[in-house]
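This report concerns only the one structure given below.
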Amino acid sequence: MIGDPASGDFAPRLLRWFDRHGRHGLPWQHPRTPYRVWLSEIMLQQTQVATVVPYFLRFVERFPTLPGLAAASTDEVMAHWAGLGYYARARNLHAAAKRCVERHGGELPQDFDALHALPGIGRSTAGAILAQAWGGRRAILDGNVKRVLARWHGVEGWPGAPAVEKRLWALAEAHVEHVPDGRMADYTQAQMDFGATLCTRANPACLPCPVREGCSALHEGRVDALPTPRPGKPLPEREAVALLLENARGELLLQRRPPTGIWASLWTLPQADTDALMRRWFAREADGDYDAAEELPLIVHTFSHYRLRLQPRRLRKVAPRPGVGDNEDLRWVTRTELAALGLPAPIRKLLDSL
DNA sequence: AAGTCGGGGTA
DNA sequence: TACCCAGACTT
């Protein structure tokens, strides 16, 4: 029967393919310690391998161990994450490291529920860590696996819909039962390599596919139609004003974002939703002529759920009020210090262009 | 069930 | 441009 999970052939065939054609030289595989597996899984959430690799290498060089990460400051952790996106991941990673030191003897717990209870570790990531770090018989369900299983089993519906996702989890767990002992780490990696290199979203390579026999989508001629795409939605727009203030020494005034929300815990330019609010903030914090500010090129930045139109305005030789700009969340920064701080990518780009 | 969180790859 | 990606968390 096409796409029948009871046909138990799926996992062994995928493993045979992985041994010859899988990715065996990724940095978190050498050495494959629980801490490095965990870090890689967090960084790889919604982020492609090629993007993650340089961040991973810099991160483990600075924070080689879990206790070392737990002992680091928020600023330094964020600085090593800046540019990677989804900054809640870094905050959760740091919090989870501290909790491991407090409750688990400075190591990751091997128990699924304890792992799942750590911030930033959901069902799929917990499974991936258990399988890759200790060979646990646990399923994963990331974007790759969803796409592969939707095709192989001919599952209709957008995989983000809870009912569809539930069905896919059941299929993923059924396949895990047919993985040979001692090969869970390889099987987990094999699924991701297969989805990333052969069973890709566009132009999948069905000819050399190791599981083409038994693939429902291929059999039905629906490979390009599965998985069902997300239902469309219009993208709302928001506007904001940012202020680039320089003092007589050429330092810039930066503000730390709150620990939640957009660009959480990153340093960025003082920002307000409207020009009037920005003007009010300036009158409170500094002395000078706000209307003398020079308009810099508009920054249009697209997030997953809205588009931000950010108008930067530049004002030089600003005289700050006494006491302003020397506290934890608002401070003057030299060009040299800028490099060590975590800045959102579009803000970094703007400052680099000056 | 829908919304919140980025930056980059790809067509 | 629009969609997607090694998801998790909040409401």
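Chain A is the first sequence line, chain B the second, and so forth, proteins listed ahead of strands; every chain is numbered from 1.
Atom CZ of A:R103 has 12 or fewer neighbouring heavy atoms from other residues, nucleotides or ligands inside a 6.0 Å radius. Sparse packing is recorded around CZ of A:R280, with 12 or fewer heavy atoms of other residues, nucleotides or ligands lying under 6.0 Å away. With a 6.0 Å radius and a threshold of 12 heavy atoms from other residues, nucleotides or ligands, A:E61 has its CD atom at or below the threshold.
The CD-P distance, from A:E41 to C:dA8, rounds to 9 Å in whole Å. Separating the NE2 atom of A:H116 from the C1' atom of C:dA8 is a distance of 9 Å, rounded to the nearest angstrom. The distance from atom CZ of A:R91 to atom C1' of C:dC9 is 10 Å, rounded to the nearest whole Å. For the pair A:W169 CH2 and C:dG7 P, the interatomic distance rounds to 11 Å; values are reported in whole Å.
At least one donor-acceptor pair closer than 3.5 Å links the side chain of A:Q29 to the backbone N or O of A:L26. Here the side chain of A:R89 pairs a donor or acceptor atom with the backbone of A:M43 at under 3.5 angstrom. Of the possible donor and acceptor atoms, one in the side chain of A:R212 sits under 3.5 Å from a partner among the backbone N and O of A:C206.
For A:D273 and A:R238, the salt-bridge test fails: no basic side-chain N is under 4.0 Å from an acidic carboxylate O.
Note on A:L118: only backbone sugar-phosphate atoms sit closer than 4.0 angstrom, heavy atoms only; bases stay farther off. Among the protein residues, A:I121 comes within range of the sugar-phosphate backbone only, with heavy atoms under 4.0 Å from sugar or phosphate atoms but none that close to a base. Within 4.0 Å of A:E165, counting heavy atoms only, lies no atom of the nucleic acid at all.
Nucleotides B:dC5 and C:dT1, compared at atom P, are 22 Å apart to the nearest Å. Between C:dA8 and B:dG9, the two C1' atoms lie 22 Å apart (nearest whole Å). Remark: the separation of the C1' atoms in B:dG7 and C:dT10 is 22 Å, to the nearest Å.
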Treating primed atoms plus P, OP1 and OP2 as sugar-phosphate and everything else as base, which nucleotides of nucleotides 1-11 of chain B get B, S or - for protein heavy atoms under 4.0 Å?
S--SBBBSB--
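Phosphate contact (OP1/OP2 of C:dC5, side-chain N/O of A:R147, threshold under 4.0 Å): present.
Summary of the strand contacts: A:A196 and A:A117 both lie near DNA chain C, and taking for each the nucleotide with the nearest heavy atom, the more 5' one is attributed to A:A196.
Each of C:dG7, C:dC9, C:dA2 was ranked by its minimum atom distance to the side chain of A:D142; first place goes to C:dG7.
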